[in-house]
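Below is one structure, written out as structure tokens; the observations come after it.
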Amino acid sequence: MPRELLKGNVAIAEAAIRAGLEAYFGYPITPQTEILEHFARRMPELGRAFVQAESEVAAINMVYGAACTGVRVMSTSSSPGMSLMMEGLSYIMGTEIPVVLVNVMRGGPGLGNIAPSQGDYNQAVHGGGHGDYNPIVLAPSTVQEAIDMTVLSFDLAERYRTACIVIADGSIGQMMEPAELPPMQPVKRKDWEWATNGAIGRERRILSSIYIEPAEEEVANLRMFKRWQEIQKNEVRYKEYHLEDADFVVVGFGTAGRVALSAVRTARQQGIKVGLLRPITVNPFPYDVLDELSKRAQAFLVVEMNMGQMLNDVQLAVKGRVPVEFYGRPGGVVPFPDEILSEIQRVATTDLQVVSDPRHAWYERMVEYLK
Amino acid sequence: MQKEILIAGFGGQGVLFAGQVMAYAAMDTGHEVTWIPSYGPEMRGGTANCTVVISDEEIGSPLVKNPPAVVALNLPSFDKYENLVQTGGVVVVNESMVDRKAERKDITVIYVPGNEMAEACGNRRLLNMVMTGALLAAFPVLKMEDVKAALKAHLPAKHQKLIPNNFDAMEKGFAHARAQLEGIPA
């Protein structure tokens, strides 16, 4: 396929179609409405299902129902809409069925704004719905990755009978970049052993998230955890930049990760031995890679477009061996590379201590910076 | 090599499309490129801008605080971005909509009577192509023929009849900027 100049939102929708998406349910919200618009045109023309639901709560429950039949199904939203879907997501995880969701994150909390943000990391990774569950969460930083991860999401969701969530942000949704779409895959209805797709000539199946007997629910929780261990073993993905000889390691995902790349390159030109780890799966998180890096790095700098959420996962991996510093722009602000460069220079030239919450010192620096 | 261009103006002046044409040209000539629009509430207030980053390697930040090249189609854009353009950078100003000269002396400023030139080309909506042509003369990140080829290759069939006018507008903008640059002591 030749490279085309594609807008992130359109690319995500078309990638899902080519991955064999049979049914889409959603509700418009900026900055991801182009996803719905694309589906609204393309799905009927291909004889597939597109429903603009009356709300995100309705959409996620339509997704839940369709997923039980074993077809490839998806919904997309942006932060406030995603919050409305959290109850349904918990039911989907409790029912152990494959679903793909995309969250084109915007500034929050609350109604917030429509600017790019990464404020929903914890909601996606550490559970926004109730109960114990672990969805796979992928974080693209380019339009090409948004395409590739959307396609991959369907395969992973089916392989592990789980929800797979792509967390992009407003800038990835609105940005155009050259990218290559995958070839069109035919819709293949797999006759999954669990699907409620018509019981004619076979025993009736029941899909539900209800386990009235606590002992049975406990077994279900343990079964899901075993599956999660498999996912952790097999599906960790990340990208490394200039880490071979790095004394300092920047960690950032999605847009924050690519902005950090610009800063890392400039710092390298200035002779600072700094590298970048950009997690692609933020769940499962690349704990082992960071664990190894922390044995030879002098310090880490976590960069996020939020108040410090992935920060805790990096700290978990680094185990207090060396300082983990933080730089964030919350609320819909996208950092410029020079801000991150200043942080890299600070980390490289300051005698840092290991602290339990580096956000307190970061807060003081932010107040000063914003004056 | 990495170069950034920021184009800003009122909604309806063709800001986003001008950026897209350059992004297409960059892609078609084998570069990496990002095009990112302002899509926030400021758009509803009437101003729009987009940033185009052209590079030979994986692009980091799609936004840039101090671009080397700015196209300002109206006064609010000129007011904002005159201060932000890099030292030694280029600002191409639509002087039809801007009633002042630049204050900075460390940048190259090209003044283009864009609205009048577009109308002389047959349509005031050709403003963005006049300004694109002028930018290419002052900031040669892409070749004029590559931008023309990209416009022809990616313009939908129903708009192909507009190609000659668009080319004309680009050439006139280019020539205007070139003449002005020749008058500016290096």
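Each chain gets a letter, A, B and so on, in the order the sequences are listed, and its residues count up from 1.
- Of all residues spanning residues 176-183 of chain A, those with a heavy atom less than 4.5 Å away from chain B's heavy atoms are A:M176, A:E177, A:P178, arranged by number.
- Minimum interatomic distance between A:R258 and B:G60 (heavy atoms only, all atoms of both residues): NE-O, 2.7 Å.
- Taking B:N66, B:V33, B:T51 one by one and counting their heavy-atom pairs under 4.5 Å with chain A, the maximum is reached by B:V33.
- Counting non-hydrogen atoms of neighbouring residues, nucleotides and ligands closer than 6.0 angstrom, the CZ atom of A:R18 exceeds 12 such neighbours.
- The environment of B:K3 atom NZ is sparse: at most 12 non-hydrogen atoms of other residues, nucleotides or ligands sit within 6.0 angstrom.
- Across every non-hydrogen atom of B:E32 and A:R3, the tightest pair is OE2-NH1, 3.3 Å.
- For the atom pair OG (B:S38) and CD (A:Q174), the distance works out to 10.0 Å, reported to the nearest 0.5 Å.
- Note on residues 61-70 of chain B: pairs passing salt bridge (charged side-chain N to carboxylate O under 4.0 Å, His left out), not counting sequence neighbours, are A:D338-B:K65.
- A search for salt bridge (charged side-chain N to carboxylate O under 4.0 Å, His left out) contacts involving B:D56 returns nothing, not counting sequence neighbours.
- From B:I36, atom CD1 reaches atom OG1 of A:T255 across 7.0 Å, with rounding to the nearest 0.5 Å.
- With a threshold of 4.5 angstrom between heavy atoms, B:V64 approaches chain A through N, CA, C or O but not through any side-chain atom.
- Looking at heavy atoms from C-beta onward, B:E58 lies in side-chain contact with A:K239 at the 4.5 angstrom threshold.
- Contacts of B:H31 with chain A are made by backbone atoms alone, with heavy-atom separations under 4.5 Å and no side-chain atom involved.
- Counting heavy-atom neighbours within 6.0 Å of B:F167 CZ, excluding the residue itself, gives a total above 12.
- Using a 4.5 Å cut-off between non-hydrogen atoms, the part of residues 260-277 of chain A that approaches chain B consists of A:L261, A:S262, A:R265.
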